[in-house]
Amino acid sequence: MIEVKNLHKKYENIIAVNDVSFKVDKGRTFGLLGPNGAGKTTTIKLLCGIIKPDSGTVSLNGRTDPTLIDVRRSLGVVPQTLAIYEELSAEKNLRFIGRMYGLDSQILNSRIAECLEIAGLSKRKKEKVAKYSGGMKRRLNMVCSLLHEPSILLLDEPTVGVDPQSRNLIFNTIEKIKKQGRTIIYTTHYMEEAERLCDTVAILDHGKILDIDNVANLIKKHGGPSHIEAEFEEIISDIEKIKKYVDNTEIQFENNIIRFKTSRPMESLAKLNQSGLRFHSIKVQTANLEDVFLNLTGRRLRD
Amino acid sequence: MKKVFFLAAKDIRVLMSDRGNIFWVLGFPLIFAFFFGAIYSDAGDGPSGMKIAVVDEDNSSFSTSYISKLEESDALTVIHLERDQALEQVRKSKIAAAVIIKKGMGDGFEAIFNRDEPKIEIAADPSRKMESGYLQGLLAKAQFEALSGNFTDKNWMQDQVSQWREEIEEANDIDTKDANLYLDLFDSYDNFFNDINDQDLKMGFDGDILNFSQTNLSRESDGPLTPFQITFPQAILWGILGCAATFAISIVKERTSGTFQRLLIGPIGKAHILAGKGAACFITCSFIMCIQYIGAKLFFKMPVGNLSFFVLAYFCTIFCFVGLMMLISTLGRTEQSAGGAGWAIIMIMAMLGGGMMPLYFMPVWLRPFSNFSPVKWGIYALEGAIWRNFSLIEMSTPCLILLAIGLASFLLGVYNLHRQED
Ligand SMILES: Nc1ncnc2c1ncn2[C@@H]1O[C@H](COP(=O)(O)OP(=O)(O)O)[C@@H](O)[C@H]1O
Ligand SMILES: [Mg+2]
């Protein structure tokens with residue numbers, strides 16, 4: 001279980017983390033979604049005790065000092081900046097880290113083999129990391145933090161700059177870890193990742209949490225209306241007639257296409273169907289976390 | 001503690017994977033030792049034995065004994081030549097120096113100690129300062145040895161005394177009271193030399209009086225036996241400096257590349273992490289020491305006065321610079337700045353401390369500043385073991401200074417790491 005209360009962290013003139021509080025129950029996955037500079041990495045660093053908060057408290061499995069050796073043993077952190085030795089092979093990297101965590105050599109050997117398998121690096125385990133692709137390095141960076149089987153895992157943008165294949169592998173791994181009942185915090189600026197992986201998501205901007213909830217609720221609260229685009233078989237001749245069947249007055253016409261927003265897309269379409277016009281195609285775009293962020297901040301997640 | 005060694009092993013692996021590092025740590029100091037050793041020694045003659053010519057214009061028993069003392073020295077190869085030939089050979093760099101013993105050197109005390117008109121003239125190539133430095137030491141030593149032979153020679157001493165007696169008696173400008181005082185003294189000398197048997201005289205001087213002053217003197221003038229004894233401590237220092245700087249940079253590299261964060265979130269403390277680095281540096285330096293030592297013994301035939309002191313001096317020096325570099329590594333924010341600062345500090349310490357040139361070539365006003373350079377103390381301790389014949393007490397001064405600097409820097413480094421937030 002992770003609990004964070006009123007965390008504050010200021011760098012010279014920037015408030016990187018501003019009154020952040022949240023709670024993650026055991027076995028749940030918590031997402032921190034925010035653009036670059038939102039304060040995600042700073043929050044992770046505060047959680048694992050690399051930096052100290054100006055005020056506020058952190059509690060990991062009930063322990064309030066993350067720098068204690070036995071708290072650290074139960075903690076796995078996948079840093080945003082690659083934290084692997086380029087000069088060593090994947091295997092040597094894992095072996096070194098395992099030794100730091102005091103794993104005894106038999107367990108270590110089987111864990112190394114497992115982790116290499118998870119990362120899909122078994123075949124190239126003897127090669128120097130410097131020769132790996134960006135995706136392979138990311139994968140190794142992740143499994144290095146899984147080696148000691150931590151009960152709490154903090155992942156800081158683990159998919160930055162990777163190919164789709166590696167990204168999928170990373171997702172699958174995290175989903176597997178979730179099933180093992182580990183508590184996870186996952187930071188990202190990709191809303192798809194938060195939607196796919198996280199039970200609860202906090203929207204973070206300028207160091208402040210704007211809202212915390214599950215994805216569906218966030219969209220319901222802040223996503224705004226769905227976008228409907230309907231294409232008819234014939235060109236619309238009577239615009240005024242159509243307008244009677246659409247609640248929204250801000251309706252766009254373009255030859256045989258109309259576009260409008262609605263908060264209840266199914267009902268709107270059913271009503272439109274009564275107009276007697278025959279549909280050629282319908283596109284319904286429901287709101288997503290991108291819209292949530294846009295509505296909360298007036299900006300997009302990725303500028 | 002085990003973790004410190006795992007950390008160290010990892011660091012050595014990382015270090016050795018880079019050829020550039022291997023050069024700075026291993027190649028450079030060896031090249032330094034060889035290059036400067038070769039410059040300072042007579043290239044043709046090899047390191048063991050500086051070739052000099054003696055020109056004996058005195059042909060006295062003293063000059064003969066003096067030359068035989070020179071010939072006994074391992075550091076010198078002595079040939080006999082006429083004055084013109086000898087000077088010509090020096091000009092052509094065929095020999096390192098010509099030692100000309102002028103007429104009158106064997107005449108007695110005055111001749112030997114007369115500063116106004118030296119009876120020994122050294123002609124040497126001015127570009128080979130180093131050698132004439134040794135040479136003077138070796139000449140003084142030979143002179144002293146020859147002289148001590150004379151002191152124990154009853155007849156020679158009696159001759160001296162009667163010569164002085166004549167001079168006093170002939171001198172008009174000395175007050176009679178004073179003159180009588182001297183004559184009384186000479187009388188008692190005469191009695192002394194007449195009564196004592198030869199064996200006792202030898203023992204008396206050899207056993208006490210002379211041996212005492214001889215040991216003191218030889219401290220100053222014995223000097224190194226081969227030029228490599230001077231360049232070797234410098235080479236060792238460069239090896240340690242190169243090694244320490246490489247490690248300092250590797251720490252900063254860790255800090256900037258993110259692996260340091262992984263260490264920080266692991267179940268180890270900051271002091272452990274630094275200690276691991278230090279241990280890696282220490283182990284690497286020790287390895288270099290072995291190579292350097294074997295090289296010096298094998299190729300340069302360098303004598304080491306006291307091996308256990310040598311090892312002691314070495315470890316104190318490594319300890320000092322490892323500590324210093326740990327500190328430097330916590331000062332720089334980027335690899336470049338730490339690397340730059342590291343090398344800059346090294347250069348200044350090396351220049352001040354005699355890492356580039358032996359201290360006695362340094363201007364006098366600059367010499368006191370060398371005390372602030374650990375390089376000086378490192379070289380001093382190593383020299384103490386290699387050719388200065390230091391006692392344990394004498395060794396302890398530089399060694400303790402080195403250890404203190406090392407420890408203080410290490411603690412400061414740990415403190416810095418604690419203070420900084422990355
Ligand atoms: N060491 C630091 N010194 C000064 N400012 C920092 C430091 N680390 C982060 N910041 C600032 O704090 C803010 C939050 O940074 P960060 O937590 O890295 O954001 P994110 O991980 O969400 O991209 C940014 O404005 C960043 O510039
Ligand atoms: Mg970040």
(request) Answer yes or no: is there an ion pair linking Lys10(B) with Glu254(B), defined by an N-O contact shorter than 4.0 Å? (result) yes

Ignoring hydrogens and angles, write down the donor-acceptor pairs under 3.5 Å from the side chains of residues 264-274 of chain B, residues two or more places apart or on other chains.
from: Lys270(B); atom 1: NZ; to: Leu417(B); atom 2: O; distance (Å): 3.2

(request) For Pro79(A) and Asn141(A), work out which heavy atoms get closest and say how close. (result) O-ND2, 3.1 Å

(request) Could you have a look at Thr81(A), Val78(A), Leu82(A) and say which one has the most heavy-atom pairs with chain B under 4.5 angstrom? (result) Leu82(A)

(message) If you apply the rule salt bridge (charged side-chain N to carboxylate O under 4.0 Å, His left out), what do you find for Arg124(A) with Glu127(A), and how did you get there?
(response) CA-CA 6 Å; Arg124(A) 301 183 61 178; Glu127(A) 262 175 62; 2.7 Å; yes

(message) Closer than 4.0 angstrom, basic N to acidic O: yes or no for Asp156(A) and Lys40(A)?
(response) no

(message) Can you tell me which portion of Ser145(A) sits under 4.5 Å from chain B's heavy atoms? Options are side chain, backbone, both or neither.
(response) both

(request) Determine whether the aromatic ring centres of Phe232(B) and Tyr293(B) lie less than 6.0 Å apart. (result) no

(request) Name the region of Leu7(B), side chain, backbone, both or neither, that has any atom closer than 4.5 Å to a heavy atom of chain A. (result) both

(message) Does any backbone or side-chain atom of Lys253(B) lie under 4.5 Å from a heavy atom of chain A? Answer side chain, backbone, both or neither.
(response) side chain

(message) Counting only non-hydrogen atoms closer than 4.5 Å, can you tell me which residues of residues 83-95 of chain A sit against chain B?
(response) Ala83(A), Ile84(A), Tyr85(A), Glu87(A), Leu88(A), Lys92(A)

Pairs of donor and acceptor atoms involving the side chains of residues 96-106 of chain A, under 3.5 Å and at least two apart or interchain, shall be tabulated with distances.
from: Asp104(A); atom 1: OD1; to: Gln106(A); atom 2: N; distance (Å): 3.3
from: Asp104(A); atom 1: OD1; to: Ile107(A); atom 2: N; distance (Å): 3.4

(message) Looking at every heavy atom in both Tyr132(A) and Lys125(A), which two are closest together, and how far apart are they?
(response) OH-CA, 4.1 Å

(message) Could you tell me if Ser166(A) and Arg139(A) have a donor-acceptor pair between their side chains, going purely by distance under 3.5 Å?
(response) yes

(message) Looking at Arg111(A) and Glu114(A), is there a salt bridge between them, counting it only when a charged N and a carboxylate O are closer than 4.0 Å?
(response) yes

(message) For the aromatic rings, using the six-membered ring if either is Trp, is the centroid distance between Phe30(A) and Tyr186(A) under 6.0 Å?
(response) no

(request) Tell me the residues of residues 68-76 of chain A whose non-hydrogen atoms fall below 4.5 Å from those of chain B, in number order. (result) Ile69(A), Arg72(A), Arg73(A)

